[in-house]
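Atoms within each ligand, like the ligands themselves, are counted from 1 in listed order. Side chains are part of it too, since the values below use all heavy atoms of this structure and drop only hydrogens, waters and symmetry mates.
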Amino acid sequence: MITFRKSALLKAMVKIVGPEGCLVEDADVEPFVVDYKGIYRGNTPVVVRPKTEDEVAQVVQYCHKHGVRVVPQGGNTSMVGGSVPDASGNAIVINLARMNGIYEIDILNDTITVQAGCTLAQVCDAATASGRLFPLRIGSAGSCQIGGNLSTNAGGTAVLKYGNMRDLTLGLEVVLPDGRVWTKLRGLRKDNTGYDLKQLFIGAEGTLGIITAAVLKLAPMPTARSVALVKVPDPRSAIHLLASAKEIAGQAINAFELISPDAMSLVLEHLRLERAPLEGPAGWQILVELTSGGGQQELDEVLMRVLETAQEQQLVQDAILASSNAQIEHLWKIREEISDAQTRAKGSVRCDVSVPISRVGDFIEEASARVLEIAPDARMVIYGHVGDGNVHFNPLRPASVDAKDFLSKFGDAITEAADGLAVSMEGSISAEHGVGVAKRDELRKYKSKVELDLMRSVKRALDPGDLMNPGKMLPEDTVPYPHKIC
Ligand SMILES: Cc1cc2nc3c(=O)[nH]c(=O)nc-3n(C[C@H](O)[C@H](O)[C@H](O)COP(=O)(O)OP(=O)(O)OC[C@H]3O[C@@H](n4cnc5c(N)ncnc54)[C@H](O)[C@@H]3O)c2cc1C
């Protein structure tokens with residue numbers, strides 16, 4: 001329901017953030033109301049771009065007083081439509097891109113304190129310049145922001161070693177839905193004085209407040225990095241290879257990424273590469289990376305031992321060990337471009353599921369069989385961070401079938417098959433991308449009533465007016481989706 005007058009709202013916003021901090025023209029607003037995948041389009045009277053925490057607080061105070069809904073937005077790279085407003089035009093967007101200051105790097109405490117609008121790449125670069133590593137590694141690093149990473153509890157390719165955003169965060173500053181500011185920007189590793197409130201806001205997808213700053217953990221910069229691309233007989237063998245690699249390489253394993261045969265051919269096509277790194281039929285492949293603070297030769301030998309042992313156990317059919325940084329970057333580019341290859345190919349059903357690591361092989365085999373019963377010609381684009389049980393299970397239309405036709409005919413059935421199977425294996429329907437709007441109504445099916453009641457209680461306690469990112473994450477029938485473009 002519109003409870004504000006547009007002209008009064010705009011005047012108030014301009015007063016707080018200045019004219020340069022308000023976007024109102026259609027062409028200016030467009031990139032902020034359409035999601036990354038081009039699936040959802042919403043409306044907003046204004047995109048507000050504050051520069052300070054105090055400006056965010058003033059904007060939210062105004063919105064609270066006048067019943068204006070708010071969509072917090074970072075880099076707008078959400079995979080689930082979480083960062084764009086709905087079609088009603090009743091919500092303003094608060095985009096944090098101009099809040100991109102690095103406050104402090106404390107080398108002795110191994111922490112970095114940043115404004116939430118810093119891009120992930122900017123934070124990684126700042127850490128590197130100080131000889132430290134900020135270890136979150138995701139393909140959207142150049143665009144996504146720390147506030148978005150926190151709000152989605154982002155994961156990526158180094159979770160195996162360093163954990164996800166929950167594990168990497170020590171302190172937060174948050175503007176609450178009524179405009180008060182909760183500041184706990186401390187780099188403290190131990191504090192047992194009650195509820196760990198920061199964890200409420202991490203992974204909350206902007207439904208409980210706006211994160212304006214954070215204290216993040218840094219790690220020592222590795223001095224050696226060994227990478228191999230390995231062909232395995234099937235996903236089950238990959239998981240046995242992981243177990244064997246853990247025994248030999250222990251904490252050195254940094255990434256363990258699966259690539260299915262169809263995912264490999266799609267990305268090679270996308271990158272216009274004539275030759276695959278490994279010769280012969282693509283097969284199932286694993287990109288494995290070890291890092292350490294020791295010598296390069298020593299680490300290469302550990303990786304060689306991993307591969308030799310796996311070969312003796314018939315877990316490996318072929319392998320290539322990168323012998324230069326250029327080769328390492330090339331192998332990683334192939335892995336990281338799969339997501340964009342799919343976006344460009346159009347017509348894939350994206351299921352970001354997780355299962356216990358020991359069930360990854362069973363999941364892929366059974367889910368693939370179910371999908372091929374539903375859509376026999378689907379291309380089985382499957383990849384992801386299987387080292388932590390996360391599978392991007394994304395069946396793609398056959399080249400000859402129109403994307404819209406494929407999605408409307410098979411999309412729901414494929415999603416139900418994959419998500420239902422993951423949950424039956426004690427897994428999750430969203431491992432790292434969040435719920436947004438794309439997955440919100442599925443929660444009703446897969447979460448217990450008690451769990452949903454608890455989530456709603458938290459939401460009501462912090463945001464009784466449902467002003468923060470309405471219609472996202474929590475299943476409610478009353479709030480319209482952003483208009484679905486396709
Ligand atoms: C090519 C590509 C690769 C990707 N790879 C990965 C991957 O490996 N792992 C992974 O986890 N994700 C991945 N993603 C998804 C996405 O990049 C992450 O979810 C990222 O953390 C979102 O950050 P963002 O700044 O773009 O947030 P947005 O998309 O702007 O917002 C995401 C959610 O967070 C909320 N939000 C944003 N900023 C704030 C804030 N300051 N305070 C409160 N709420 C806020 C929004 O309301 C929304 O609900 C990938 C995306 C792309 C396009």
Side-chain angles (χ1 to χ4, degrees), residues 31-38 40 42 47 50 53 56 60 69-85 91 93-100 114-123 136-159 164-166 172-177 200-214 255 257 335-344 350 352 354 383-385 388 390 392 430-440 463 468-474 482:
F32 303 90
V33 295
V34 179
D35 78 310
Y36 171 83
K37 291 200 282 178
Y40 300 102
V47 177
E53 290 75 5
V56 177
V60 174
R69 292 175 156 173
V70 168
V71 177
Q73 190 182 72
N76 196 15
T77 64
S78 167
M79 288 284 184
V80 288
S83 49
V84 290
V93 173
I94 301 185
N95 181 288
L96 272 74
R98 298 206 305 163
M99 292 177 54
N100 59 358
V114 302
Q115 277 190 306
C118 288
T119 63
L120 173 56
Q122 194 189 340
V123 172
L136 187 76
R137 194 160 76 180
I138 66 180
S140 53
S143 312
C144 66
Q145 298 173 11
I146 291 301
N149 300 151
L150 286 159
S151 301
T152 56
N153 183 27
T157 54
V159 170
N164 48 27
M165 269 314 253
R166 278 192 202 286
L172 282 189
E173 178 182 74
V174 182
V175 174
L176 301 173
L200 265 185
F201 299 98
I202 300 174
E205 301 186 32
T207 60
L208 300 180
I210 302 184
I211 298 172
T212 47
E257 297 285 311
R335 162 62 190 86
E336 281 172 351
E337 286 285 328
I338 299 174
S339 178
D340 275 354
Q342 268 198 289
T343 304
R344 198 191 283 179
R350 295 200 185 218
D352 166 38
S354 61
Y383 61 100
H385 327 300
D388 55 52
N390 185 182
H392 297 316
S430 184
E432 60 177 11
H433 291 162
V435 178
V437 288
K439 292 279 171 189
R440 78 168 193 187
D463 183 19
M468 281 288 158
N469 217 3
K472 311 291 167 47
M473 201 173 82
L474 288 157

Is it true that [X] lies under 4.0 Å from ligand 1, counting heavy atoms only?
| X | answer |
| --- | --- |
| K37 | no |
| V71 | no |
| A204 | no |
| M79 | yes |

Open item on the list: Under a plain distance cut-off of 3.5 Å, with no hydrogens placed, do S83 and N76 share a side-chain donor-acceptor pair?
Closed with: yes
Is the side chain of [X] donor-acceptor paired with the backbone N or O of [Y] at a distance under 3.5 Å, no angle test?
| X | Y | answer |
| --- | --- | --- |
| K439 | G434 | no |
| E205 | V435 | yes |
| S140 | S143 | no |

Taking 4.0 angstrom as the limit and counting only heavy atoms of [X], give me the atoms of ligand 1 inside it, by number and element.
| X | result |
| --- | --- |
| N469 | 47 (O), 49 (O) |
| H385 | 8 (O) |
| T152 | 19 (O), 20 (C), 21 (O), 32 (C), 33 (C) |
| I210 | 42 (N), 43 (C) |
| S151 | 34 (O), 35 (C), 36 (N), 39 (C), 40 (C), 42 (N), 43 (C), 44 (N), 45 (C) |

Is it the side chain (CB and beyond), the backbone, both or neither of [X] that lies under 4.0 Å from ligand 1, heavy atoms counted?
| X | answer |
| --- | --- |
| M473 | neither |
| T77 | both |
| L96 | side chain |
| Q145 | both |
| Y36 | side chain |

Open item on the list: Can you tell me how the ring of H433 sits relative to the ring of H392, calling it parallel under 30°, perpendicular over 60° and tilted otherwise?
Closed with: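 H433 vs H392 ring planes: parallel.
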Task: Salt-bridge criterion met for E257 and R335 (N-O under 4.0 Å) - done: yes
Open item on the list: Which residue and atom name correspond to the protein heavy atom nearest atom 24 (P) of ligand 1, and how close is it?
Closed with: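 Result: G75 N, 3.4 Å.
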Open item on the list: I need the nearest protein heavy-atom contact for atom 23 (O) of ligand 1: residue, atom name and distance, please.
Closed with: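 Looking at atom 23 (O) of ligand 1, the protein heavy atom closest to it is C144 CB, 3.4 Å.
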TODO: State the CG-CD distance between N164 and E432, to the nearest 0.5 angstrom.
DONE: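 Here the interatomic distance stands at 9.0 Å.
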For [atom], which of [options] has the closest heavy atom?
| atom | options | value |
| --- | --- | --- |
| atom 11 (O) of ligand 1 | S83, G209, G155 | G155 |
| atom 3 (C) of ligand 1 | A141, S140, S430 | S140 |
| atom 47 (O) of ligand 1 | A154, G206, P72 | P72 |

